[in-house]
A.B. asks: 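Below is one structure. I have some questions about it.
Here, residue 1 is the first one in the sequence, and each next residue gets the next number.
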Amino acid sequence: MRSIAFVLPELYLDYTFFMKMNIRNYRIPLICSLGACLELFDFSLFLFLIDSIRGVFFPGSSGSSGLLLTLVIFSSGSLMRPIGGLFFGHIGDKFGRKKAFQLSVTLMAISSAAIAILPPASSVGAIAPVLLLLVRMLQGFSIGGEIPGSCVYASEYFPKNRGYVVGLIFLGITYGNLLASAMIGIVRAFMSDHAFNIYGWRICFLVGGLMGILAFNLRKKFAETPVFMEMKERRLKIPAKQLFVKSWKDVVSGFFAVGTTATSLFVLVRMPDYMEKFCNVTFQNVQVYTSYMFVILGIGVVFWGYLSDFISRRLIMTIGCVMVIILSFVSFKVLNGTSSMPLVYIMSTLVAFALSIPNGIYACYILEKFPAIYRLSGLSICYNLGFAIFDGAFPLLITLFLLSQNSLVAVAYSLSIPAFLSLIFTFFSSDHSRRTLKF
């Protein structure tokens, strides 16, 4: 472990260096961050609007069965991520990082706009949920290349500050969820709940499609990364093949590193529902509470990403997993049955802070495990397979588990089990924080 006496001067020097820099020098990670924000805005709208979508596409289903059917469609997007990850990882490693995330953002814009105009079940019957399923699968396919592509692109441009620039991207990802929550609140403010559930939710997806076009235009002038240009002569015919032959242990380790982060989005978005079901509290404005949680998470991911450029990412990842396990059980145990709103915010802050630790560094921790010739494939497969399992199948298991329980502590298991798995595989893996990205 590095001595704090050496780390603190480095932190100060890097901070003063950044403050003296022209902001144009950081336009690449900032635009990548904005693009990731807009992508997650599109993708997470489905989860925020799941109750409205259920009413339009499964109008004849009862409350719990309609929710489960809608969650199956939600999960289909996550389950398509590994396929998208393989595709975009291959494109990025063989033809260029820029090509991969330009294509991914285009597909996301198309799929989001398509959801906005899908016919309801009352008009076309069973065809409506089938169409919704297909479009959601396209969303999952496209986001499979967006986040890994942005992380690899920005980190290869700023290798010495890769923890920080990837942290900025995850700030964008986190605030994409916040932006989605805010957009829903704005649209709801101008119409009744009945009107919103009929057509108002479609406005949010239409805005998402337009934002995807904006993200595409912002990236058009990007050049290829220096690392990719240097390794052009070493490009592989099928990068993923070499990945699984030479780095399969890193793929397994990276997959489990994604677990805590993948489950945190679902839990944070559904937290108000859990609170109202298992506690004696009613939120006057759900969007305010949800936004507060994501603000705390966003601040944390940048801080921990920045700090990881000076302190072992493996160490920070280990601390984060332990914090998630402890604070999730403590917080939900304290909150179970409470009627105190201040206590709700205090405990929720602790949970969001703990989740920000692995959220801020896991992508950089994973990508630096792999050599440049199949780096994007490696991160894409770990990231997307992790989300497919922990954010795709896990929400169904969480919902079924909660329906069978009568305690908020059940939610703690949905965070602590993935965190425990991440902890085990992180503990036995190597740290590559100081490794050059040119290898």
A.B. asks: Can you find a heavy atom in the side chain of N197 that is under 4.5 Å from one in the side chain of V56?
C.D. replies: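 Sidechains of V56 and N197: no contact.
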
A.B. asks: So, S348 and Y289: side-chain donor and acceptor under 3.5 Å apart, yes or no?
C.D. replies: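 Looking only at side-chain atoms, Y289 and S348 do form a donor-acceptor pair, the distance falling under 3.5 Å.
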
A.B. asks: Over all heavy atoms of both residues, which pair between L327 and A354 is shortest? Give the atoms and the distance, please.
C.D. replies: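 Smallest heavy-atom distance, with atoms named: CD1-CB, 3.8 Å.
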
A.B. asks: One thing to verify: whether R375 and E368 come together as a salt bridge, which I'm taking to mean a side-chain N less than 4.0 angstrom from a carboxylate O.
C.D. replies: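 No.
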
A.B. asks: Regarding T349 and Y292, do their side chains bring together a donor and an acceptor under 3.5 Å, going by distance alone?
C.D. replies: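 Yes, side-chain donor-acceptor contact under 3.5 Å.
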
A.B. asks: May I ask you to test the L385-R81 pair for a side-chain heavy-atom distance under 4.5 Å?
C.D. replies: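 When only atoms from C-beta onward are counted, R81 and L385 do not touch, as no gap falls below 4.5 Å.
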
A.B. asks: What heavy-atom pair brings P358 and L355 nearest, and what distance separates the two atoms?
C.D. replies: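 Nearest heavy atoms, P358 then L355: CD-O, 3.4 Å.
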
A.B. asks: Testing the basics here: between L45 and A180, what is the closest heavy-atom pair and its distance to 0.1 Å?
C.D. replies: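 For L45 versus A180, the nearest heavy atoms are CD2-CB, 3.8 Å.
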
A.B. asks: Is R188 paired with D193 through a side-chain N to carboxylate O contact shorter than 4.0 Å?
C.D. replies: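 Result for this pair is yes, salt bridge flagged.
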
A.B. asks: Output all residues satisfying side chain to side chain donor-acceptor pair (under 3.5 Å) with S76, sequence neighbours left out; order by chain, then residue number.
C.D. replies: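 Residues passing side chain to side chain donor-acceptor pair (under 3.5 Å) with S76: none at all.
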
A.B. asks: Go through the steps to decide whether I53 and F58 satisfy the test side chain to side chain contact (heavy atoms under 4.5 Å, CB included), and finish with yes or no.
C.D. replies: CA-CA 8 Å; I53 292 172; F58 299 101; over 6 Å; no

A.B. asks: Should W304 and I299 count as side-chain neighbours, where that means a heavy-atom distance under 4.5 Å?
C.D. replies: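 Answer no - side chains too far apart.
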
A.B. asks: Does any part of the side chain of I381, heavy atoms only, come nearer than 4.5 Å to the side chain of P82, both counted from C-beta?
C.D. replies: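 No, too far: nothing below the 4.5 Å cut-off.
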
A.B. asks: Do S377 and F88 have side chains that get closer than 4.5 Å, going by heavy atoms?
C.D. replies: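 S377 does not reach F88 side chain to side chain.
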
A.B. asks: Can you name the side-chain contact (heavy atoms from CB on, under 4.5 Å) partners of F87, sequence neighbours left out?
C.D. replies: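 Partners of F87 by the side-chain contact (heavy atoms from CB on, under 4.5 Å) criterion, ordered by chain and then number, come out as I91, L103, F141.
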
A.B. asks: Heavy-atom distance under 4.5 Å between the side chains of F329 and S416, does that happen here?
C.D. replies: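 Side-chain contact under 4.5 Å: yes.
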
A.B. asks: Just one of L171, I173, V301 clears the side chain to side chain contact (heavy atoms under 4.5 Å, CB included) bar with N359, so which one?
C.D. replies: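 With N359 as partner, L171, I173, V301 yield a single side chain to side chain contact (heavy atoms under 4.5 Å, CB included), made by V301.
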
A.B. asks: Passes side chain to side chain contact (heavy atoms under 4.5 Å, CB included), F255 versus I389? Steps please.
C.D. replies: CA-CA 10 Å; F255 163 75; I389 301 301; 3.9 Å; yes

A.B. asks: Please report the closest heavy-atom contact between L335 and V344, naming both atoms and the distance.
C.D. replies: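 Heavy atoms of L335 and V344 come nearest at CD2-CA, 3.5 Å.
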
A.B. asks: Donor-acceptor pairs under 3.5 Å, side chain of residues 109-119 to any protein atom, not counting sequence neighbours: which ones?
C.D. replies:
residue: S111; atom: OG; partner: L107; partner atom: O; Å: 3.1
residue: S111; atom: OG; partner: M108; partner atom: O; Å: 3.0
residue: S112; atom: OG; partner: D42; partner atom: OD2; Å: 3.3
residue: S112; atom: OG; partner: M108; partner atom: O; Å: 3.1
residue: S112; atom: OG; partner: Q139; partner atom: NE2; Å: 3.2

A.B. asks: Between T260 and Y362, is any side-chain donor less than 3.5 angstrom from a side-chain acceptor?
C.D. replies: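 Looking only at side-chain atoms, Y362 and T260 do not form any donor-acceptor pair under 3.5 Å.
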
A.B. asks: Evaluate the side chain to side chain contact (heavy atoms under 4.5 Å, CB included) criterion for residues L49 and F205: first the C-alpha distance (whole Å), next the side-chain angles of each, then the deciding distance (0.1 Å), finally the verdict.
C.D. replies: CA-CA 10 Å; L49 297 169; F205 279 104; 3.7 Å; yes

A.B. asks: Can you name the nearest heavy-atom pair linking C321 to A419, along with the distance?
C.D. replies: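 In terms of heavy atoms, the two residues are closest at CB-O, 3.6 Å.
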
A.B. asks: Checking R313 against Y365: charged group under 6.0 Å from the ring centre and within 45 degrees of the axis?
C.D. replies: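 No, R313 does not lie over the aromatic ring of Y365.
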
A.B. asks: Any idea how Y383 and F387 line up, ring-wise: parallel (<30°), tilted (30 to 60°), or perpendicular (>60°)?
C.D. replies: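 It falls in the tilted class, 30° to 60°.
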
A.B. asks: Is it the case that the side chains of S247 and Y374 hold a donor-acceptor pair, with the cut-off being a distance below 3.5 Å and no angle test?
C.D. replies: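 Yes, side-chain donor-acceptor contact under 3.5 Å.
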
A.B. asks: Run the side chain to side chain contact (heavy atoms under 4.5 Å, CB included) test on L415 and F332 for me, step by step, so that the C-alpha distance in whole Å, both residues' side-chain angles and the decisive distance to 0.1 Å come before the verdict.
C.D. replies: CA-CA 11 Å; L415 292 175; F332 291 124; 4.0 Å; yes

